[in-house]
Amino acid sequence: MDLQFSRHRRLRSGANMRALVRENQLHAEDFIYPLFIAEGEKIRNEVSSMPGVYQVSLDHLETEIQEVESLGIKSVILFGIPATKDACGTGAYHDHGIIQKGTRLIKEKFPDMLVVADTCLCEYTDHGHCGVVEGEKVLNDESLDLLVKTAVSQAKAGADIIAPSNMMDGFVAAIRAGLDEAGFIDVPIMSYAVKYASAFYGPFRDAAEGAPQFGDRKTYQMDPANRMEAFREAESDVAEGADFLIVKPGMPYLDIVRDMKNHFNLPVVVYNVSGEYAMIKAAAQNGWIDEKSTVLEMLLGMKRAGGDLIITYFAKDAVRWLREAE
Ligand code: PBG
C-alpha cells in the first residue's frame with residue numbers, strides 16, 4: 001500500500017491536540033452586553049420574545065452591572081425605554097433622559113465598565129422611525145441635528161463610546177464634528193456602518209418598544225440582497241472618522257463580516273441580533289437543539305468570520321459556559 005493522502009485526523013486525536021491547533025477562541029472581553037433601561041421604578045420585565053432578557057429600571061441596574069462585571073465582560077450597550085415619546089424623540093437627547101441617567105449611574109459606581117450608547121431616535125419617537133418625519137418621509141439632514149444632540153448629551157453623561165444606529169447618511173461626519181466641538185475628541189464612534197433592513201430585529205422591537213408605526217425602515221437600512229453597497233456604506237463611515245465598524249445582523253451576514261475584515265483596518269463588530277437569540281432560545285426550550293453548544297459554535301463562527309467583537313444577548317451565558325469548560 002503506497003497510497004498518497006493527507007492525515008488531517010492526526011491533529012484531532014485528542015482534546016489537548018485539538019486545543020493546540022485551535023485557530024480561534026472566545027473570551028469574555030470579546031462581548032458587548034446589551035441592556036434595556038426603562039424609566040420607572042422596580043421594573044424587571046422579561047421580554048416575552050427574548051427569554052432571559054429584561055427591561056430594567058435604574059434601581060435594578062447596579063445588580064445587573066455587578067453581574068456583568070463579575071463575569072469579566074468589559075462593556076455594555078444601552079438602549080432606553082422612555083416614559084413618554086414625541087414626534088422629535090426629545091427623550092433621546094434630554095440631559096435627564098433614561099440613557100443619560102443610566103450612563104451616569106454606571107460610570108459613578110463602575111468607572112471601569114465601558115458604556116456604549118446606542119444613538120438613535122426610534123425608541124423615543126411616537127412614530128417609531130429613526131429620524132425626523134415629514135408625512136411618511138424620514139428626513140435625512142434634519143435628523144442629523146438631533147442625532148448630534150443625542151450623541152453629545154450621551155458623551156456628557158459619561159458614555160465611553162457612541163454607537164449611531166440610525167442609518168442616516170453623514171451621521172458619522174455630523175456626530176464626529178459635534179463631539180469634537182463639544183470637547184469630546186477622545187470619544188470613539190462605533191458606527192452601525194452596515195445595517196440591513198432585517199426581519200431579525202422583530203424581538204428587539206418588543207424589547208425596546210420601538211417598532212415603526214407606519215411603513216418600514218427600507219429607505220434608510222440596507223437591502224439584504226446587496227454586498228457592494230456594504231463597501232460603499234463602510235467606505236463613507238471610515239472616511240467620516242468611524243473608529244469601529246458594526247455589521248448587523250450577524251448570522252445571515254457573515255460573508256459581509258469577512259469582507260469588512262479583509263477590506264478595512266478598523267475593528268469589526270458583529271451584532272448578533274434579537275431574532276438570532278430568539279430562534280436559539282425557542283429551539284432549545286423545545287429540546288430541539290442543545291443551547292450551550294449551539295451558542296458557542298455560533299459565536300465562534302462570528303469570530304472566525306472576522307468579527308473582533310460581538311454584541312450579543314448571550315454574553316453572560318457564554319462567559320459562564322466558557323468558564324465551565326476551563
Ligand atoms: C435601533 C436599533 C434596532 C436594533 C438595534 N438598534 C432596531 C431597528 O433598527 O429596527 C436591533 C437590535 C436587535 O434586533 O437585537 N435603530
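Keep in mind that this is a model prediction, so the values were computed, not measured. Throughout, residue positions are numbered sequentially from 1 according to the sequence presented. Counting starts at 1 for both ligands and their atoms, in listed order.
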Backbone N/O of [Y] and side chain of [X]: donor-acceptor pair under 3.5 Å:
X      : Y      : value
Arg18  : Arg12  : yes
Asn45  : Gln55  : no
Thr312 : Phe314 : yes

Should the proximity of [X] to ligand 1, defined as any heavy atom under 4.0 Å, be assigned to the side chain, the backbone, both, or neither?
X      : result
Cys120 : side chain
Tyr277 : neither
Asn166 : neither

**OP:** Using the ring of Tyr271 (Phe, Tyr or Trp, six-membered ring only), decide whether Lys195 places NZ or CZ under 6.0 Å from its centre and within 45 degrees of its axis.
**Re:**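 That pair does not qualify as a cation-pi contact.
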
Original post:
Would you say Arg227 has more than 12 foreign heavy atoms packed within less than 6.0 Å of its CZ?
Top reply: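 Open.
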
Original post:
Got a sec: does the CG of Asn262 have more than 12 other heavy atoms crowding it under 6.0 Å?
Top reply: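 Yes, CG of Asn262 has more than 12 neighbouring heavy atoms, counting only those of other groups under 6.0 Å.
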
Per-atom contacts, ligand 1 versus [X] - under 4.0 Å to a heavy atom:
X      : answer
Tyr313 : 12 (C), 13 (C), 15 (O)
Asp118 : 6 (N)
Phe79  : 5 (C), 6 (N)
Arg217 : 8 (C), 9 (O), 10 (O)
Ser165 : 1 (C), 6 (N), 16 (N)
Lys195 : 1 (C), 2 (C), 3 (C), 6 (N), 8 (C), 9 (O), 16 (N)

Identify, for [atom], the protein heavy atom at the shortest distance, and state residue, atom and that distance.
atom                    : answer
atom 4 (C) of ligand 1  : Lys248 NZ, 2.6 Å
atom 14 (O) of ligand 1 : Ser274 OG, 2.7 Å
atom 10 (O) of ligand 1 : Arg205 NH2, 2.6 Å
atom 1 (C) of ligand 1  : Cys122 SG, 3.4 Å
atom 12 (C) of ligand 1 : Phe204 CD1, 3.3 Å

Original post:
Can an N or O of Glu123 be found at a distance shorter than 3.5 Å from an N or O of ligand 1?
Top reply: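 There is no such contact.
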
**OP:** Could you tell me whether some N/O pair between Tyr192 and ligand 1 is separated by less than 3.5 angstrom?
**Re:**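 No.
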
**OP:** Determine, stepwise, if the pair Lys261 / Arg258 fulfils side-chain contact (heavy atoms from CB on, under 4.5 Å).
**Re:** CA-CA 5 Å; Lys261 182 67 180 172; Arg258 173 46 61 189; 3.8 Å; yes

Original post:
Can you check whether Phe36 and Phe204 have ring centres sitting under 6.0 Å from each other?
Top reply: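 Judged by ring-centre distance (under 6.0 Å), Phe36 and Phe204 do meet the cut-off.
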
Pair up each side-chain donor or acceptor in residues 153-163 with any protein partner under 3.5 Å, not counting sequence neighbours, and list the distances.
residue: Ser153; atom: OG; partner: Gln100; partner atom: NE2; Å: 2.6
residue: Ser153; atom: OG; partner: Thr150; partner atom: O; Å: 3.1
residue: Gln154; atom: OE1; partner: Thr119; partner atom: OG1; Å: 2.7
residue: Gln154; atom: NE2; partner: Asp118; partner atom: O; Å: 3.1
residue: Asp160; atom: OD1; partner: Lys107; partner atom: NZ; Å: 3.3
residue: Asp160; atom: OD2; partner: Lys107; partner atom: NZ; Å: 2.7
residue: Asp160; atom: OD2; partner: Val115; partner atom: N; Å: 2.8

Per-pair distances, 0.1 Å, donor-acceptor, side chain in residues 283-295, under 3.5 Å, sequence neighbours excluded:
residue: Asn286; atom: ND2; partner: Ala282; partner atom: O; Å: 3.0
residue: Asp290; atom: OD2; partner: Ser293; partner atom: N; Å: 3.1
residue: Asp290; atom: OD2; partner: Ser293; partner atom: OG; Å: 2.5
residue: Glu291; atom: OE2; partner: Lys281; partner atom: NZ; Å: 2.8
residue: Lys292; atom: NZ; partner: Glu324; partner atom: OE1; Å: 2.8
residue: Thr294; atom: OG1; partner: Asp290; partner atom: O; Å: 2.4

